[in-house]
Amino acid sequence: MATSACLHAQEAPPATASEWGGMGLLQTPSARMADDGEISFTASHNSPYSRYNVTMQPFPWLEGSFRYINVANIRYGATSVSGDQNYKDKSIDFKLRLWEESRWLPEVAFGIRDLGGTGLFSSEYLVANKRFGPVDASLGFATGYIGNRGDLGNPLSAIDDRFDVRPTPTSDINNAGKFGLSSMFRGRVGVFGGISYQTPWEPLLVKVEYDGNDYKNEPRKNNLPQNTPVNIGLVYSLNQNVQFTAAWERGDAAMFAVTLRGNPGRAHSAPKPFDPAPESLKHTTANVSQPTQGVDSATLVTETGVQTPQSESISGSDDARWAEIAARLQVNAGFRVEKISRRGTEVIVTGHQLRYFHTAKGLGRASRILHNDLDSSIEWFTFATSRLGMPIVDTSINRQRFVDYTENRADLDQLKLGIEVTAPAPVYSDTLYRAPLQRYGGGFNVSYKQNVGGPDGFILYQVSANYTGSFFFTPGVWITGTASGNVLNNYDKFKYDAPSRLPRVRTDLRQYTTTSDFTVPNLQLTAAHQFGRDLYGMAYAGYLEWMYAGVGAEVLYRPFGEAWAIGANLNWVKQRDYDQLAGLRDYTMTTGHASLYYAFDQEQRIVGSISAGRYLAGDYGATVNLARAFPNGVTMGAYATKTNVSARDFGEGSFDKGIYFSIPFDTILPRSTRARAAVVWNPLVRDGGAMLGRKYTLYGTTSERDTEFFYENLRHIDD
């Protein structure tokens, strides 16, 4: 045991969070990064500041954070609005690794703190880290808040003397949300740094830092005493997901923090004890030479060869047998069958996956069922995926390759040679079975809305219980609706709507959340159709979302096997009454966007889109959205919208922006599901850059055309 502890003491300390959320020491950042895919939450308190930070690591080289800071000794605003609520500040950070540590060179990163917020805590820095056994040392230089001590003159002053002085930040809401480019890299430069030491006791780290801030220029003239620039702290890791920090800072103040960490981007699916077990393959020879019991082989072959049935179903008894196979495909493989047909030695099953997030898992289970019930004349199984009546993708698997892989006579690469993923194409085939259209489906769910950091309360929220149902007239024409009942709601505290120089297309939020306890957020008729091999269309009319009713249409051109797609939507909408029932208000708008979607860097799966057009307030502009898509389906991204509305007319926030992540429930639940949870952080709800919230989108509906995701998860075919 002593030897083990000694060996551990020579290891470098892991990267841990600072009280500002990102990887760092205490007050200061480091060049270290978390593993890509990690999301962490850090809450810290150092009087008068309480900080609540969420940090995401979408790439190995990029860290992003957003936070709320509660300032205990300053009130938010007028007592008539905010009462005794403390001042809240919002901010976004990012840190970019410039190069990794090597034997001789340190790891170096550049970062910006409080980007796009009020700028009260804004700072720009360059920091380097180098490991020496159990010690990780950092040294950095910063302008702005982190470097307020101003140890050095600004070298950029040699270019322009305006870099000598940094403008004083203001909490004016008309400046809030701007990127503050005119203030960046200005002012004197402060030096900061320190060490993180891994003690012989594995859970405990010691941090010692030299703070680059002297706290003599705090925001809102809220200056703090500092007896020493040296801060000392301890970090205790309860486990890899929970860390506690205690520190003594400024020579006269205690700091406490807790960090919750997890890596959903690299998480494997949770065990699925509530899933049915996959069917066992019936005994076969290596070349599937013997027919198996199940469908009567006489319906498929004769003494002279293949017999192709001429009718939609072979006979009453055979129809019942195919219905039994279709039922097993849905129950065990999650594949809802619409039709089963045959073309030569190929059986084609048309339908869609309902349960398994990884389509390869459903493919493997469905192939087992077909193999167990079809005779040896069938060499290929094809699963033709159709969504909302539109053919999306055909996935064919060679029966022999599948059996060889399942019985360990072939590896995954050899199995890939027996799989074809292609665009749907009209082919002649004989229908063996056609399932009756399942016209109705529905279910209950719970929804949650919130506003964070406003003057009326730190968190305003609404929890609703909903029932959503759909009735299909044909596979591609249906009506869907949602009824919603209020369960918990504190929007009665919502008093401050904030001024707006634009039509109130979104800032009537208070009225929409408090007028009625029973609402109908959505009730619409939709029709979808495939117009060509790669061209899809959709039209819709009704109560399209909780604030707007109207009519609209969308088209999407998504070439199969390509990384790009283009689409457009056009909508005429009218604002709904605040009770979200049948009534409408006077405001109308024609809105729509043309969009380009592109997936690049297949190794790290960056998915981006840019949409340009007219927004709900009549403003024109574009929205850029970038996200990292991990192999397990987790996404982390950010978006920003800029329109022809000035920052003054837009109001607080200056332009619309947000950060989000989305996690499939399949990674955490004990039963397979295709559902997912999305968390979006939008600092403010304003009227500029507001899009219509459409229930269905063609790009999402056709997502199974993403063959990269299928092959990345092909290993699940034997689950």
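In what follows, every heavy atom counts, from backbone to side chain, and hydrogens, waters and symmetry copies are set aside. Model, not experiment: these values are computed from the prediction.
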- Return the minimal non-hydrogen interatomic distance between T526 and Q524, and the atom names on each side.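 So the two residues come closest at OG1-NE2, 2.9 Å.
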- Query: Do T42 and Y52 touch side chain to side chain, with heavy atoms closer than 4.5 Å?
  - Reply: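 Side-chain contact under 4.5 Å: no.
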Side chains of [Y] and [X]: any donor to acceptor distance under 3.5 Å?
| X | Y | value |
| --- | --- | --- |
| S447 | N466 | yes |
| Y512 | Q580 | no |
| T507 | D687 | yes |
| Y578 | D508 | yes |
| T591 | R614 | no |
| W681 | Y68 | yes |
| R67 | T55 | no |
| Y615 | T623 | yes |

- Message: Between K216 (side chain only) and N148 (backbone N and O only), is there a donor and an acceptor less than 3.5 Å apart?
- Response: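 Here the side-chain-to-backbone pair does not exist.
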- Task: Please answer whether the main-chain N or O of A678 pairs with a side-chain N or O of S662 as donor and acceptor at a distance below 3.5 Å.
- Result: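 No, because the side chain of S662 does not come within donor-acceptor range (under 3.5 Å) of the backbone of A678.
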Between [X] and [Y], is NZ or CZ placed under 6.0 angstrom from the six-membered ring centre and within 45° of the ring axis?
| X | Y | result |
| --- | --- | --- |
| R220 | Y87 | yes |
| K449 | W546 | yes |
| R113 | Y145 | no |

- Item | Separation between CE of M23 and CD of E63, rounded to the nearest 0.5 Å |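 So the CE of M23 and the CD of E63 are separated by 6.0 Å.
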- Query: To the nearest 0.5 Å, how far apart are CE in M56 and OG in S40?
  - Reply: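 Going from the CE atom of M56 to the OG atom of S40 covers 10.0 Å.
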- Could you tell me whether W564 atom CH2 has more than 12 heavy atoms of other residues or ligands within 6.0 Å of it?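 Yes.
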- Query: R705 and E562: salt bridge (charged side-chain N to carboxylate O under 4.0 Å, His left out), yes or no, with the steps?
  - Reply: CA-CA 9 Å; R705 287 200 152 206; E562 299 292 339; over 6 Å; no
- Query: Do NZ/NE/NH1/NH2 and the carboxylate oxygens of R51 and E19 come within less than 4.0 Å?
  - Reply: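 Looking at E19 together with R51, the answer is yes, because their closest N to O distance falls below 4.0 Å.
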